[in-house]
Amino acid sequence: MERPSRQLLLSELRIRNTAYDVSLSRSLLTWKRRVSSPVYHPFRPSVCHSVSVSEIISVREEEEESSSRQRDDGSWKKIKEREGKDCRQAFTVLYVERSRQHRWRCAEVTFMCPDEALCQRWVSIIREQLNAIASRPKRLLVYINPYGGKRQGKHIYEQKVAPLFAQAGISTHVIVTEYANYARDHLKTEAELKTFDGVVCVGGDGMFSEIIHGLIWRTQIDGGVDPNCPEESLLPCSLRIGIIPAGSTDCICFATVGTNDPVTSALHIIVGDSQPMDVCSVHHNNTFLRYSVSLLGYGFYGDVLTDSERKRWMGPARYDLSGVKMFLTHHYYEGTVSYLPARGIVGTPRDAARCRSGCVVCQHNGQLLSEKAERYKVDEASDNESDGEWRTIRGKFLAINAASMSCACPRSPKGLSPAAHLADGTTDLILVRKCSRFNFLRHLLRHTSKDDQFDLTFVEVHRVRRFRFTPRHCQSDSDLELDLQEHGKRQIFSQICRDHPACSCAPAYSSWNCDGEILTHTAIDVRVHCQLIKLFARGIEEPTVFEDLTNPCAI
């Protein structure tokens, strides 16, 4: 481990008209003001600043006119002063500055050097340090959805993101999508992925879903893996994915960065952050349906999405209206859930700990699963099937949810499963059994409160690696005969109601909400693939209460 005191450069430079001792190590750029008076001034700004080299965006030499902060009034004295000065005796460092609510901003500081040679030496060494950071992207493939959200995707990219990429020296190939699934199809067949260091999507969660479907499918086909086989272990994608939020819902960005801010996301891409993420594959009878990274919801959330699709003309307000309608309707659905519990891992769905930047739970469980995959590389699926760990639950459910992340958003700061992790190879299976409207309302309200969401008798949660669901109407004839023997005439009457849609009884089945898309089948097989993709993110950082204490110069 390198000692922080090891310095590459140390010079006395000036910021505006104040002298500073400026030092550069392999990890930090520090500038400390020279204090002429030993008297302590409590209201004087901090005399020392430190910036991590990894969070420096770029460095540039400055012309004398831009570095001199004085107004040029055209006088003979000013002209004479400029003639005696070098043109390039200053350099500007652009760096990341943290703001409130997990936002990042691009800040800059200009240093005046006593001579041109020293200025060029500083610029050269800082650039060498930045070029040595292998995780930083040099060339990106950018897809822009011009129709998502408020149709501001192109404007957001051109005005807020492109200038930052240019300052950081990142070259881009920009594609404006022309129709739905354009990016997915382009990634599957035409994109020359070997020439890029990452893929960036400008849009909402739907655009991000297009990107992962195209990228994961292309990776499997190139690697000789059959995506339609649910027993196949998928190959991880080599390219990282960046998200510039510009949609009506940006839940993925909120869960991985902590804010839906385009500038913050662009800066995470520039500094080369990397956040692994689990992906769930969804199959029906050995046929691939979709990939999911956030929420799979059957029952309440599936009904809300299905009903809201008929009200798209209302905009985002359609979700609120459909939510109220489905709550009052209060449909429940019969079915069978089978799941494979996650054993030998750290963490449970009811932990107080949250998945944050540098999460030790994700690191530990990810390493554990990779070792297990190597150990059972020959036939991992059959090993899991034969070990007798599968569990089965039958019942009537108001909602069946599988949360691969917390699913937090501004409306629900804790999310559906507050302790869910981004990259631990599991998903939290939440079963809400049939209950009264009042009790179900208690459960829904806990998404916005600090109470334990799962501390209810009709709610159970399991951390699983895989699960299957079979709705009541898809079960075999033998299962139906068994239920007839158990329930008698009551079951016969219920079956008659299902055979006559005009009856006012509850429908026999719901739909699956897969990251905001409706699945075409209700009987599904879901498997979690640990750390299948990587994002240009670092997870949500813990806020610092006393920021000065994190600065070694302030102590």
Side-chain angles (χ1 to χ4, degrees), residues 96 98-106 137 140 142-145 147-157 159-161 164-165 177 183 198-213 215 237 239-279 291-295 316 319 354-357 359 362 403-418 420-423 515-517 532-541 543:
V96 170
R98 284 164 174 77
S99 184
R100 293 182 178 181
Q101 297 178 339
H102 305 287
R103 293 182 176 231
W104 283 10
R105 287 293 173 261
C106 180
L140 296 172
V142 181
Y143 292 96
I144 300 176
N145 180 4
Y147 306 108
K150 297 180 180 178
R151 299 175 179 264
Q152 294 293 307
K154 191 174 181 181
H155 175 77
I156 288 173
Y157 178 79
Q159 298 297 318
K160 297 182 177 182
V161 179
L164 291 174
F165 284 171
T177 60
V199 181
V200 175
C201 62
V202 184
D205 291 339
M207 188 64 177
F208 175 73
S209 180
E210 282 193 40
I211 298 298
I212 66 167
H213 277 80
L215 196 58
C237 300
L239 293 183
R240 283 170 290 173
I241 304 171
I243 311 172
I244 304 298
S248 55
T249 58
D250 301 296
C251 294
I252 308 298
C253 192
F254 190 88
T256 54
V257 178
T259 182
N260 298 335
D261 176 56
V263 173
T264 302
S265 296
L267 293 176
H268 278 283
I269 295 171
I270 290 171
V271 302
D273 280 338
S274 183
Q275 170 63 54
M277 181 180 290
D278 299 334
V279 177
Y291 295 116
S292 171
V293 295
S294 58
L295 173 67
Y319 297 113
R354 302 291 182 261
C355 187
R356 293 294 182 260
S357 180
C359 177
C362 292
S404 299
M405 58 175 63
S406 67
C407 299
C409 63
R411 288 190 176 186
S412 178
K414 292 181 65 178
L416 293 180
S417 185
H421 289 268
L422 294 172
D515 294 355
E517 297 290 335
L532 191 64
I533 61 175
K534 290 183 179 180
L535 304 186
F536 283 108
R538 64 174 60 177
I540 300 175
E541 293 181 311

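The structure places SG of Cys106 at 7.5 Å from CD1 of Ile270, a figure rounded to the nearest 0.5 Å. Rounding to the nearest 0.5 angstrom, the gap separating the CG atom in Leu215 from the SG atom in Cys237 is 4.0 Å. Note that the NZ atom of Lys534 and the OG atom of Ser274 stand 4.5 Å from one another [nearest 0.5 Å]. Atoms CZ and SG, on Phe254 and Cys407 in that order, are 12.0 Å from each other to the nearest 0.5 Å. The structure places SG of Cys251 at 9.0 Å from CG of Leu295, a figure rounded to the nearest 0.5 Å. The CD1 atom of Ile144 sits 8.5 Å away from the OG1 atom of Thr177 when rounded to the nearest 0.5 Å.
In this structure a side-chain-to-backbone donor-acceptor pair under 3.5 Å is missing from Ser417 to Ala403. Remark: side-chain polar atoms of Ser209 are not paired, donor with acceptor, to backbone N or O of Asp205 under 3.5 angstrom. Counting only distance, with no hydrogens or angles, the side chain of His102 and the backbone of Glu541 share a donor-acceptor pair below 3.5 Å. Put simply, the side chain of Arg240 gets close to the backbone of Gly272: a donor and an acceptor are under 3.5 Å apart. With Glu210 contributing its side chain and Ala183 its backbone, the two residues share a donor-acceptor pair below 3.5 Å. In terms of modelled atom types and a separation under 3.5 Å, the side chain of Thr256 and the main chain of Gly539 share no donor-acceptor contact.
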Report task. For Val161 and Val202, run side-chain contact (heavy atoms from CB on, under 4.5 Å): C-alpha distance rounded to whole Å, both residues' side-chain angles, the deciding distance at 0.1 Å, then the answer. Result -> CA-CA 10 Å; Val161 179; Val202 184; over 6 Å; no
Query - Full working for side-chain contact (heavy atoms from CB on, under 4.5 Å) between Ile540 and Arg354 - result: CA-CA 10 Å; Ile540 300 175; Arg354 302 291 182 261; over 6 Å; no
Query raised in the report: How far apart are the C-alpha atoms of Trp104 and Val257, what are their side-chain angles, what is the distance that settles it, and do they pass the side-chain contact (heavy atoms from CB on, under 4.5 Å) test?
Result: CA-CA 10 Å; Trp104 283 10; Val257 178; over 6 Å; no
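What you find for Ser265 and Pro245 is that their closest heavy atoms are OG-CD, 3.4 Å. Residues Ala420 and Cys355 come closest through the heavy atom pair O-CB, 3.7 Å. Looking at every heavy atom in both residues, Cys362 comes nearest to His421 through SG-CB, 3.6 Å. Looking at every heavy atom in both residues, Cys201 comes nearest to Ile211 through CB-CG1, 3.5 Å. Taking each heavy atom of Leu140 and Pro137 in turn, the nearest pair found is CD2-CB, 3.7 Å. In terms of heavy atoms, Phe536 sits closest to Gly198 at CE1-CA, 4.0 Å.
Counting heavy atoms from C-beta on, the side chains of Met405 and Met277 come closer than 4.5 Å. Looking at heavy atoms from C-beta onward, Phe165 lies in side-chain contact with Tyr157 at the 4.5 angstrom threshold. Looking only at side-chain heavy atoms (C-beta outward), Ile243 and Asp250 stay at 4.5 Å or farther from each other. Using a 4.5 Å cut-off on side-chain heavy atoms (C-beta onward), Val200 and Tyr143 make no contact. For the pair Thr264 and Arg105, the minimum side-chain heavy-atom distance is below 4.5 Å.
Here Asp261 does not pair with Lys160 in a salt bridge; the nearest charged N to carboxylate O distance is not below 4.0 Å.
Under the salt bridge (Lys or Arg N to Asp or Glu O under 4.0 Å) criterion, the residue pairs touching residues 263-278 are Asp273-Arg538, with sequence neighbours excluded.
Taking Gln152 as the reference, Lys150, His155, Ile156 meet the side-chain contact (heavy atoms from CB on, under 4.5 Å) condition, with sequence neighbours excluded. With sequence neighbours excluded, the residues forming a ring-ring contact (aromatic ring centres under 6.0 Å, His included) with Tyr291 are His213, Phe288, listed by chain and number.
A donor-acceptor contact under 3.5 angstrom links the side chains of Asp515 and Ser292, judged on distance only.
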